Structures are given as structure tokens and as C-alpha cells.
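Following: one structure in C-alpha cells, then a few remarks.
Numbered from 1 within each chain, the chains take letters A, B, ... in sequence-line order. Model, not experiment: these values are computed from the prediction.
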Amino acid sequence: MLPIHAIRNELSAVLKRSRRIILTAPTGSGKSTQVPQMLLDLGALGNGKCVVLQPRRLATRLLAKRVAEERNTALGGKVGYQIRLESVCGPDTRIHFETEGILLRQMLSQPDLPGVAAILFDEFHERHVYGDVTLAQALQLQKTKRPDLLLIVMSATLDTRLLLPYLDPCEHIHSEGRTFPVEIEHLVKPLHPDRDTPWEAAAEAYEHAARKGKNPGDTLIFMPGAYEIQRTVEALRQTDAAKGTLILPLHGELPPPEQDAAVARYDRKKIVVATNVAETSLTIEGIRLVIDSGLARVARFDPWRGINTLLIENISRAAADQRAGRAGRTAPGLAIRLWTEQEHAGRAAHDLPEIKRIDPAEIILTLKALGVRDLAAWPWLEPPEPRALERALSLLRDLGALDTAGAPTPLGRRMLSFPVHPRYARMLLAAGERGAVRPVALIAAIAQGRPLLVRRAGKAADEQRRDLLGDAGGSDLLVLMRAWNYARQHRFDLDRCRRLGIHAAAARQVGPLWDHFLRIAESQNLPIESSPPEDAEIAKCVLAGFSDQVARRLDCGSLRCELVHGRRGELARESIADEAALLVANEIREIGRGDGEISVLLTQATAIRPEWLRELYPEDFSERIAVVWDAAAKRAVARLEIVFRDLALDSRLVEPPPTEESARLLAGAVLSGECTLKAWDRAVDQWIARVNLLAKACPDWELPAYGETERELLIQQICHGAVSYKEIKDRPVLHAVKSLLSPAQIAQVEKHAPERVLLANGRSVKVQYLDTAEPYISARIQELFGVASLPALAQGRMPLVIHILAPNQRPVQITKDLSGFWRDHYPRIRQELRRKYPKHEWK
DNA sequence: GAGCACTGC
């Protein structure tokens, strides 16, 4: 008998007096399968049905199957399920398992939910957006038109302090689970952020457990990503304790056979080193020891810049408990946490809900269509960040989905018929006007699923891809389409797909979704063309959905780009749009690499022409596409500006000794991301080569020839505080520089101690200051970070080097995008150069 | 010498 049955009588009693119930019970208690049946058997459903919301498709299907078996009925009869594109249910279905999202879409067409007697929100602690919003909407429905509607929120580790008042009046039922005790060990001394690595700490923890005989079964190690997993596997191989033990990596990017290998059972011990997949999606049997790095890569939407981020963060206490619980599924276990008890107390109790982290545009449009006028007054369980809300509203207005008063337009309502982000919905509607519905629907279908192409497929796959898929008109989206067509032609054959670096499983899911979108397009009276459109027409559709993600390449020597709204990024190396000066990127993502550096990557890019922008946005061409100018007229100027920048950066060499002015320019360059220290290693050489080339090409410019000056340059920069000595002292490439600095010089730089500043948007920065305030820089900083003021700015000090701190308090980046700085100051630099080089003919 | 967690309509 399952532990959950112990609460049957209590549930029965509570049902008589309450329509809102919170039910907490640990994993494995059987609540997902038993509670719906209890409701049915207790007659709590009347003639209606109970909808059980699940966060994952696989679980939805499996739970429905098990309950159907337990009740001896056919699946799709009394017990059924529904997930996207798959509905196994009928008019008799009383227990209806659904993925979150299905019900919300039903509410769009049937707001009163006829026939639904109860809604069960399972695994609610995961706090996905659809769960949150469906609960709020159901609650409203219950308060207004459906007082009979029964709402039950179920979870293993629920934040009841938040939910109890939200659902008040509400009953709370708790049931014990069937898990084994898990002993928890913390570190005695915290890991040193610079010296200690999580992978070495994990290997040590394993050795320590093995010495004490505490690894009687299999081991599960949690790491934030593929890079860290690889390092952990290597570190474990160096230990004696892991000799003869299978060491298996597990993360989403691995091909299915390798994922299966990690889950499979063996006749000897294994250590699985995994990402968060093992926390929720996959269950690995026989785990007795968990080693937890306490880290995860967390996707967020940065509403200040309007880009997605994927950075390493500390997991919450609740998530750590969830991870530890994996050691006690079959027998008592041990969990070793790679942080101290004190650090643990300082961690967040729960992870931030999805609504606080993601771009809320799609959900906002849905709510608008549901008739919500005032989003601030709508009963959110937790509202999105005000800035994110603001940005979503302006995006929706920009896409034409909302009018100036914030009400949905007819176009916005049509967009909602497509179950995708409004950007893709807008693309699809544009496709209807341009005879490009088929390819654009395919692009949208590919974009919805798992990544189609393997990221680092290897050299052979790269070459094969190029041979077979070709240049595809300068758009990565067309490459994706060709790759998918190739996979389909070969019936998603695993071997053939792997050779091209195509995820066969991901590819297989695209076809049905494509059909689905085409059917919706038909129902919306979009003409489905019989002959394929020009590539340019597809690109214009992309622009309709992503016009605020237009980027201009800064030069042809690097992949750096300037984006609309003063943002910076780098085009993905594998992009085939790398010949274009102007492009639109469907994805912008800031990524924290394993080594701690951060970069903003532009992926899924499409080459575009300026005249298309003029065609699409005739009335507000120049404001909308701030970085885009008429290429023919401005190309020469653009080239010159790049030269100016180089010269300005090197102006100290043009005219030594360095002035305060040039030091400030350099500081600006560091702040603007022109020269991160990492880039410095590479770029110094490049600059010098470029200036030398320039000197050769333009003899009348009187440029000095550079040779062995980069060391000197660096020393000067360090002395001026333009880069922090501390930051570069450990970099091997720059090691030689260190020996050339006097102790006094070092001391002078180091006295500028960084100051920790907590920002309004939840992140914190460490700022080093010089004792001169620059109003234009402080203005940029305030705009970018969204703070009213940095304390030191008010004291007349100028921020010099900014360390963005990841939530785990490690400095991960030393610069911040302040690209507007340069645009603002080109005229001044130009003037200076004009004075310096009067012989040259300046335009 | 290099860049990435997991879901869902």
C-alpha cells in the first residue's frame, strides 16, 4: 500500500468543507496516481472530470498509462492524457492528465472550463509559468463563476508560506513519503573562488567518502554543464578511489546511446557525472552517494538589455535538498555538498520561479487576450519584474500585437492562434503576405524543439555539413531547413544524421509540429504557396519578428557586432552569415564559459540588406534601426571610424608621454568591451599589425611603425589604472609584464580597492574607481545597470573596471557593454586627429 | 585554441 493512502480519510473530510487544498507529499508517495483516483472514488468529481497538470510530456503519458492499468480500463477511456499534438482521451474521460499549457490554451476558447470539476497542479514547486498563470486564472474563475471548481496544488517541497495566503481560505494536507534517510555533509572550509575548482573538490569528496566506506552503491555528481562534467571525469580518473569504477557523463547534448549508458545498470559500481537532467527528468536507480557542486547554469532574460543569459549560479536550498534526495531512493544514503553549512544558510530558500526569469511576452499576450486590462492588478502569485513587463509590452506593441492603449489588436489575436513566442507568430503572419508560409512554418517548428544541430560536431561533420548543405543564401535558418530536409530524406537514420551532426531525435519531432503550424495557418486563411519563395522573402519575414535584433558587423577582422539599442555581441563562429555587414539574429545569448569568461553570442543569423529595412519600416527607419545606415554612403565613414578607434587607443604611442585624456579613452575602451583583458592577449598584436599596415598604405599619415612596444603599452595602461594589474597578473601571456613593474607601481594600482555594489536588478558588481568623475560614463552605467546611482559616482569618482559577479560571487567578467560611449565620442576623437594630422584630407 | 542547463503550448 502506498503511503498516500493514509491521507484518504483526511482528504475526504477536507473535501466536504473546502474547494482549495494544498497537498504536500515527498516523491514516491504515489500522490500523482492515487489522488485523482481518490477524488473519483469519493464522488468528489460529480459528473465532471479532473485535470491533472504535469510539467513534462513523458511523465504525463506514463502516469495516465499506469492509472489506466490500475483501474483496468483502456487508455483514452475513463483515463486519458493530452500533450501537444497528441490527445488520447474521449467523452468518457474522467481523469485527464495534461501538460501545463494545454489547459491555458483551452481557457482561451472556453474560459469557464465546462466539464472540469477539479484541477490538480502536480509538481507545482517547479513553478513553471503556465502552472502559475493557470492557477491564478483558475482561482479567479472559482471566485467568480465556478465556486464548485476544486483546486488542489500538489508538491514535494512547496513554499507554503507563499501559497497558503494566496489560496486563503485553504486546507493543507501533508503525507509522509517512502524515502530513506539521507545523511548530509557540508564542507568545513569554503572553496577558494580562485584556487579551488568544483571538479577537484568533487574528486576529493569522492575519495573521502570511499575512505570511510560510504560509497556502497552508485554515485551521482551534479555539475553545472558539459565543460565541468568533462573536468570532473578527468579528475576522478586521477584518483585511486575511482579505479575500476565506471565513470559516465550525462547531459542533454550527449547522443541518446551515451545517455542510456549513464542510466543503465552494471555489475560494477558507477559514478554518473550529470547536469540538472538528473534532478528532474531522468531517474537513475541505485544511487547511494550524491556529490553536489551546488551550481547550475540558469537561463534568464535580462530585461535591461533584452537578451537571454545563461550563467552559472548557486542553486537554492530546496534544489539542494532535491538533489540530495536522489541518494535515498533505494536505501539510506549520503550527500556531500561542496559548500559550508554557513554558506548554505545564506543561500536562497527556493529557486526563482520561471516568471521572474524569462521573457514574459508570450504570457502577457495570452493574458491580454483573456481580457486582462491591468496587468499590475492581475492576481499574480508572483509578478514578473516591472522592467521585464515593460519590455514585453513594448515588444508586443512593436510587433503590432498590442495597440498604444495596450489592448490586443486583431493582428495580436491572430498571432495567438500560433502556440509560439509572439516573434515567431509575427514571422508566420508576415509569411502569409510574402508567399513564404511553408518555409517559415518549418523554421518556427525547428526553433521550438531541441537544438537540431550538434554544437561541436567535429571537423569531419563540419566539412560534410558544408558540402551537403551549402551556403544557403547567407542564413543559418536555411541551413537548419536543409539539415532537417536531409534528415527526413534519410528517414532520420541515426548514423547518417550523426555524420552531419544532426540530432535525429530532435529532427523527428519537427515534422508533426510543422504540419500543425501549417494547419493553423490554413485556419487563419494564410495562403499556402505552391512554389518556394525567394530567400530574400524569408529574410524579410524574419525581420518582421526580430527587427530589434538587427546587428552590424564592426569590422571584417573579427566577429564583433553592434546591435540595435547600443548592445554588443559576437556572431557565432559557425554562422554562414559571416560575409554580411548587416544581419538579424534570432537568438542573442550571454553565455558563461567554463573558464569564467562571458560572451554575448548571436546565433541563427540571417544576412539582410539595408533597403529591406527601409521597405519594411519606411516611417521610422532611422530611429528603429539605430545602428543601420545606408551602406553605400556610409561605408567609408565606418571604415574610418574603426581606424580612429585604433588610433585613439594607441594615442599614447603616437604622442608619448601618455596623458590623462588617453588613459580615460582606454578606460572607456575597457568599459565599452572594446578590449576585455582576454581579448587584449590577442588584440594587441592585431592592432599593431593593422596600424603598421595603415602606415604603409598611407605614408602621409606619419604613423609610427610599431615593433616591440606592446609590453610598454600594457605597462602604461596598468600604471594608469586602465586595466587592473590584479586582473592580469596571473595570465601567462602577460607574465613578462609583471617583472617590469616596480613595487611602487603595483602598490599604486592596487590601492584602488574594488567596491561591491548590489544592483537593483538583483546582480551585483565590483567596481574599481579612479578619482575623476566622467558624467558621460556614469550616465551610461546608470542606464545599463538600471540603478539610480552608484554610490561612488556621486562622490566624483569614475568607474574604471567593473567586475560583474555571478550569483556565486565569482568575478566572471571585467567589462560591460558601454558601446554608446564610442559612438558619442567619435566626433571628439576625429577632431583630435584632425588637429594632429592636418595634412590628411578629412571628409 | 573555441561557446551552452532543463522544460512547455
| remark: Ranking N276(A) and G101(A) by the position along DNA chain B of their nearest nucleotide, the one closer to 5' is N276(A)
| request: May I ask you to verify if any side-chain N or O of T99(A) is less than 4.0 angstrom from the OP1 or OP2 atom of dC9(B)? | output: yes
| Under a 4.0 Å heavy-atom cut-off, which of residues 52-61 of chain A touch DNA chain B? | P55(A), R56(A), R57(A)
| said: What I want to find out is whether E86(A) reaches R57(A) closely enough, with some N-O distance under 4.0 Å, to be called a salt bridge. | reply: no
| message | Suppose we screen for side chain to side chain donor-acceptor pair (under 3.5 Å). Which residues come up paired with R105(A), at least two apart in sequence or across chains? | response | none
| Where each residue is assigned the nucleotide of DNA chain B containing its nearest heavy atom, which of F418(A) and A226(A) is assigned the position nearer the 5′ end? | A226(A)
| Residues in salt bridge (Lys or Arg N to Asp or Glu O under 4.0 Å) with R337(A), at least two apart? | D321(A)
| said: Using the side-chain heavy atoms of L601(A), tell me which of these nucleotides is nearest: dG8(B), dC4(B), dA5(B). | reply: dC4(B)
| note | Side-chain atoms of I102(A) come closest, of dC4(B), dT7(B), dC9(B), to dC9(B)
| query | OP1, OP2 of dC9(B) versus side-chain N and O of R105(A): anything below 4.0 Å? | reply | no
| field | Nearest-neighbour nucleotide for the T603(A) side chain, dC4(B), dG8(B), dC9(B) considered | value | dC4(B)
| query | Of all residues at least two apart in sequence or in a different chain, which pass the salt bridge (Lys or Arg N to Asp or Glu O under 4.0 Å) check with K356(A)? | reply | E385(A)
| task | Sequence neighbours left out, what passes salt bridge (Lys or Arg N to Asp or Glu O under 4.0 Å) with E258(A)? Give chain and number order. | result | none
| What nucleic acid atoms does T366(A) come within less than 4.0 Å of, heavy atoms only: base, sugar-phosphate, or nothing? | nothing
| field | Any residue meeting salt bridge (Lys or Arg N to Asp or Glu O under 4.0 Å) with R56(A), in chain and number order, not counting sequence neighbours | value | E126(A)
